[in-house]
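Okay, structure first, notes after.
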Amino acid sequence: MSDSVKRPIEDSSSGREKKKRKLKWARTIPVQDKSSLLPTGPNPPSDNTSMTGLPSSIQAEKFANARAFEINAIQNTMQKTKDHSSKRVWQTLPRHLRRRAASHDVRRVPVRLREKAKNEMDPVIKQKKMKKLAKRGKGKEIGRTENLLKRQRDKTWLETHIWHAKRMKMDNLWGYRLAVQPTEKAFRPSHRAAVNGSIIHDASYFGTIELIGKQDTLKSLLSQCCDPRDSPNSPRYINGARICETYAYGAGTFPFQLISPITVMWKPLGESGEENETNERVVWVRVHPASFQLVHEQLRKATSAALQALQSQEGSEPSAKRETIEIADLRNDINAFEIIGPRSNQVLAGALKLIKNSGNGTKSIFRSLKNIQTSGSIPRGMIIGFTIQDPRLSYPPTNAKPDNIIDPSGPNVVFTTSPSAQIARSDLWNTQLRQGLQKPKYKKKDIDQRRSQSLVPGVPLQPQQDDDHIPLMLIQRTISSTHSRTSSSPPIHGWTLLLPAGWSMPLWSSLTHTGTRVAGLRERHNQHFEAATPHYPEDFVTTTAYEQIWRSREEAERDRWERTPKAKRVAYEALGVRSPFRADWEVVLGLNSNNVTDAGSMNQDIIPTQPGLPLEATPNQAINTPSQWLLRGSTTEAMLRKAAASEKPEDVLHESINDIREKGNLSPLEITSGDLLRGGLILAKITLCTRGAPDDLGIIYEIEDEEEEKQLREKLSGKKGKSNAGMMEDSADSQNAGYRVPDSSSIIGYITTGHFSLQQGHGFALGAVSVSSMLRLMKRDAKRSPKEVRNLVKVRDRNGTICRLASLEINSA
């Protein structure tokens, strides 16, 4: 009986062949039988290919009915092919919409594809896992809001934290939980977005300090803490039409005790345009969180000194005693977005909808904003104040389109509006209004309920009288090396958007909806690097924040190096690197030359860098004690060129700095010119003459031998364009030729940020060198022709033996 049972035929084909047969079957289009198409009757035509007997016209309905079988066949085949595709539904989505749980959870798939995703998923019975809590602990279970607040005890979350945490790599920095970089590969796309598109960064971690007092007293206060060359007391800034980008120093200690770059904003003048001496003015100082406490402390010191000086001048008059200055911390009141790129104008004009009764000419500005190719055509630092509707009413937004098609080869649209106090006025200065907007009147579910009641779906909601009006400030922002002699690093333009606290997520959703990329701290740092501009705090040597961030990097790299086996890690001792994990500025300045050794430093403690006297020191101690200091400002290059052209450069430099201090009503320096020059550092741009890309903490050497420099210049000019020109390897042949790696006494600086520049197309770096070495290089190149390479030096990575020729340029951005 078993013999009579037919066994099924075993299919020995592989899974790949079965899949191909299945796909081939799905793509086969059935064809109707010819016999059903032949005409029947007493006189059938004898020749099917003849043109005789064709009708002069056809009826569309009968013709479609005759072809119904073919139409249905091709539609069914297309559907079968789509259903039997080799990709699942969630794999057909763009990468930025994919979610890890979409393979088993249909709720992670867009609504339009959920029905198909259900058919693709295997039925899985999920057992509900109940939390087993002790009877005594059931009453202690906390809610979601309390749990999120509990996680912020040792750090602060931005309002967009949850959005970033799903898409970015996060880290604890400066008391905040910040986004470092996207989880997807976005290094090059982020650079392209900054140059050709738009990219946005949540900079709400920047702090704001508010100063309220009389104008003359505030000017005296700011002159004590700011760079006198880029003073916020200039008439172009006092009217409140522009921001002032300057540097903060210890009170009365310029050029010592550099703290950080700051942005100073004056509240615009009143309607009359005139300011009475008795009226109070308001100033905002925006500071990086790494130096917020230091700047706040120095402003308090300068306030005390300014009030004491005022009382001593006025004597015992009652008016002098009543005058005060209020200092307020607005870190929880004001948020900020930085949007960079030429397409940022269209993004802002499309996402922000002005209220109907907008004044001060903002409507005409917004109409012209969408026609401008780049915000670089707008005056630098210009402030535009306006009020918008609730952005959730017009969600989802669309980018604004130019009125006319702009010809790329034609002239750019000119922005004709000049900065003025009238345009800069904004209700964001109103403290009571900001506090009232910290919690929106309507939640998102209320807005969605209004949208569901709309007769036509997809139409923006009409604003009502009780809807929120959000005051904003739009500030033109430019990242550039302003005093560069070359155009290899063009500036990057964009905007800074200031908004009240509580409205970050509504605005963020609208600004990121139309394809704007999102940047983390890495992308923000790279924007400054591509524009050849130093980024705070990584590139600002001698500052406290620089010491803190490089100390943490040193600990992490040292731990990683010590965990690596000796056979696998870099032998810094054999390479003669004295300080492999941190820049040793004492060697650069020659402050500790007796203890410098070419090798064997790994068995000793690395000598830490001392940025000079602490900020707790008095101004007299700071300006009269030799210490490290960083020369910054717009006139830096002119000062050094004047000093290099003289026989005694240290005296000329000392005199120039005293002239600047006198301009800011500061007492002259009593420190000797030799001590001043010996402790000075300056930021520089390092461009490699040939191939190669420098790395962070690379070492910069001076070519002390004039004969060697002459040979290197001849070799560089003779082999210009060749791949190995300018490269020196530490080998026997190279040592005989004089191309050996210099010793530690020739170190004049270190690289703070270096890698391949996507904008310039070759290796590039930012670093710092001593002022004395820069003056020697400038004096040596004074007689050279302009076509020759200026300030020729050697650059070497800390983990290699190859030195490459590079050119130094003063970075006074």
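When reading the values below, keep in mind they use all heavy atoms of this one structure, side chains included, and skip hydrogens, waters and symmetry mates. Given the structure is predicted, the values throughout are model-derived calculations rather than measurements.
- Residues R343 and T374 are not in side-chain contact: their nearest non-hydrogen atoms beyond the backbone lie 4.5 Å or more apart.
- Of the possible donor and acceptor atoms, none in the side chain of S231 sits under 3.5 Å from a partner among the backbone N and O of S234.
- Q476 contributes a side-chain N or O that, together with a main-chain N or O of S375, makes up a donor-acceptor pair within less than 3.5 Å.
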| Between E245 and R286, does a salt bridge (charged side-chain N to carboxylate O under 4.0 Å, His left out) hold up when you go through it step by step? | CA-CA 10 Å; E245 297 176 339; R286 292 188 50 78; over 6 Å; no
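- With hydrogens and angles ignored, the 3.5 Å screen pairs no side-chain donor or acceptor of R560 with any backbone N or O of T564.
- Contact check for I259 versus T543: no side-chain heavy atoms found under the 4.5 Å cut-off.
- The aromatic rings of W508 and F337 lie perpendicular to each other, with more than 60° between the two planes, well past the 30° mark.
- For the residue pair D539 / T753, a side-chain donor-acceptor distance below 3.5 Å is found, with atom types taken as modelled.
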| Run the side chain to side chain contact (heavy atoms under 4.5 Å, CB included) check on V195 and L758 step by step: do they pass? | CA-CA 11 Å; V195 175; L758 299 176; over 6 Å; no
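- Within the 4.5 Å cutoff, side-chain heavy atoms of H201 are placed close to those of L521.
- Side-chain atoms of T246 never come within 3.5 Å of backbone atoms of C226 as a donor-acceptor pair (strictly under, hydrogens ignored).
- Residues S198 and T516 bring a donor and an acceptor atom of their side chains to less than 3.5 Å of each other.
- Partners of R242 under the side-chain hydrogen bond (donor to acceptor under 3.5 Å, both in side chains) rule, at least two apart in sequence or in another chain, do not exist in this structure.
- Counting only heavy atoms from C-beta outward, the side chains of L805 and L688 never approach each other to under 4.5 Å.
- Defined by atom type and a distance below 3.5 Å, a donor-acceptor pair is present between the side-chain atoms of S773 and S770.
- Seen from the ring of W550, R553 counts as a face-on cation partner, given the 6.0 Å and 45° thresholds.
- Of the possible donor and acceptor atoms, none in the side chain of N799 sits under 3.5 Å from a partner among the backbone N and O of V570.
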| request: Start with the C-alpha gap between I262 and Y536, add the side-chain angles, then the distance that decides, and say whether side chain to side chain contact (heavy atoms under 4.5 Å, CB included) holds. | output: CA-CA 10 Å; I262 60 173; Y536 183 84; over 6 Å; no
| query | Checking side chain to side chain contact (heavy atoms under 4.5 Å, CB included) for the pair R167/V518: CA distance, chi angles, key distance, verdict? | reply | CA-CA 9 Å; R167 302 164 178 86; V518 180; over 6 Å; no
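- Taking 4.5 Å as the limit, some side-chain heavy atom of T183 sits within range of a side-chain heavy atom of K169.
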| request: Carefully, step by step, assess W495 and I378 under the rule side chain to side chain contact (heavy atoms under 4.5 Å, CB included). | output: CA-CA 10 Å; W495 298 93; I378 298 175; 3.1 Å; yes
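- Between W585 and Y546, the ring-plane angle classifies as tilted under the 30° and 60° cut-offs.
- Under the 3.5 Å distance criterion, the side-chain polar atoms of Q628 are left unmatched by any main-chain donor or acceptor of T542.
- Taking the side chain as every heavy atom from C-beta outward, I475 and L498 approach each other to under 4.5 Å.
- The aromatic rings of H755 and F529 are tilted relative to each other, their planes meeting at an angle between 30° and 60°.
- Heavy-atom minimum distance, S646 versus V652: OG-CG2, 3.2 Å.
- Using a 30° and 60° split on the angle between ring planes, H535 and H528 fall in the perpendicular class, above 60°.
- Cation-pi geometry between R569 and W561 is satisfied (NZ or CZ under 6.0 Å from the ring centre, within 45° of the ring normal).
- Residue pairs satisfying the salt bridge (charged side-chain N to carboxylate O under 4.0 Å, His left out) criterion with at least one member in residues 760-780, sequence neighbours excluded, are listed as follows: E702-R776, E702-R780, E709-R780.
- Looking only at distances, no side-chain donor or acceptor of N811 sits under 3.5 Å from a matching main-chain atom of L766.
- Taking a cutoff of 4.0 Å between a charged side-chain nitrogen and a carboxylate oxygen, E704 and K794 do not qualify as a salt bridge.
- In this structure the side chain of P537 reaches within 4.5 angstrom of the side chain of W174, judged on heavy atoms.
- With 3.5 Å as the limit, one finds a donor-acceptor pair spanning the side chains of H493 and T478.
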| Can you list the steps and then say if E557 with R798 is a salt bridge (charged side-chain N to carboxylate O under 4.0 Å, His left out)? | CA-CA 13 Å; E557 291 189 11; R798 53 177 172 167; 3.0 Å; yes
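- When only modelled atom types and interatomic distance are considered, W163 and D202 share no side-chain donor-acceptor pair under 3.5 Å.
- Between S480 and R380 the shortest heavy-atom distance is OG-NH1, 3.4 Å.
- Judged by distance alone, the side chain of N791 and the main-chain N or O of L808 form a donor-acceptor pair under 3.5 Å.
- A donor-acceptor pair shorter than 3.5 Å cannot be found between the side chains of H762 and S757.
- At distances below 3.5 Å, at least one donor-acceptor pair connects side-chain atoms of E523 with backbone N or O atoms of G520.
- A salt bridge links R477 with E338; the closest basic N to acidic carboxylate O contact falls under 4.0 Å.
- In this structure, the side chains of I703 and V793 stay at 4.5 Å or more apart for every pair of heavy atoms.
- In the model, E637 has no side-chain atom that pairs as donor or acceptor with a side-chain atom of T635 under 3.5 Å.
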| request: Could you go through the ring pair (Phe, Tyr, Trp, His ring centres under 6.0 Å) check for F254 and Y247 one step at a time? | output: CA-CA 10 Å; F254 175 85; Y247 298 96; 9.7 Å; no
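- A distance of 4.5 Å separates OG1 of T636 from CG of L631, quoted to the nearest 0.5 Å.
- Side-chain atoms of S204 come within 3.5 Å of backbone atoms of A336 as a donor-acceptor pair (strictly under, hydrogens ignored).
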